[in-house]
Amino acid sequence: MSDDDLSEQLSKTNTALAEWAARSASDSDQLIERFERMGYEVRGKSVDEITEVLKRSPTKPSQA
């Protein structure tokens, strides 16, 4: 498998995980709170917006 194939597979996997996490978070205040503590600004966002946020690095420092 080439580096390009691996990179594409990793991107697809990351997208799938972000979508799954966003759907899960839409039903869980605890998960929203956890993402917020990790530095992801997801509170008050739609599932699609949360998905986009989770595809990127956190925008705030983590609050251990």
Over all atoms of both residues, closest heavy-atom pair of [X] and [Y]:
X   : Y   : value
E36 : V42 : OE2-N, 2.7 Å
A18 : K55 : CB-CG, 3.9 Å
A22 : T51 : CB-OG1, 3.1 Å
S57 : Y40 : C-CE2, 4.0 Å

Open item on the list: Once side-chain hydrogen bond (donor to acceptor under 3.5 Å, both in side chains) is applied, what residue pairs with a partner in residues 24-34 remain, sequence neighbours excluded?
Closed with: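 Passing the test, one end in residues 24-34: E33-R43.
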
Atom pair [atom1]/[atom2] of [X] and [Y] - distance to nearest 0.5 Å:
X   : Y   : atom1 : atom2 : answer
E52 : T15 : CD    : OG1   : 8.0 Å
Q9  : D4  : CD    : CG    : 13.5 Å
R23 : L31 : CZ    : CG    : 12.5 Å
L54 : E49 : CG    : CD    : 12.0 Å
D3  : L10 : CG    : CG    : 11.5 Å

- [ ] Look at atom CG of D5 and say whether more than 12 heavy atoms of other residues, nucleotides or ligands are closer to it than 6.0 Å.
- [x]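 Atom CG in D5 is crowded, with more than 12 foreign heavy atoms closer than 6.0 Å.
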
Task: Sequence neighbours excluded, every pair satisfying salt bridge (charged side-chain N to carboxylate O under 4.0 Å, His left out) that has a member inside residues 6-21 - done: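 Every salt bridge (charged side-chain N to carboxylate O under 4.0 Å, His left out) pair that includes a residue of residues 6-21, provided the two are not neighbours, is E8-K12.
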
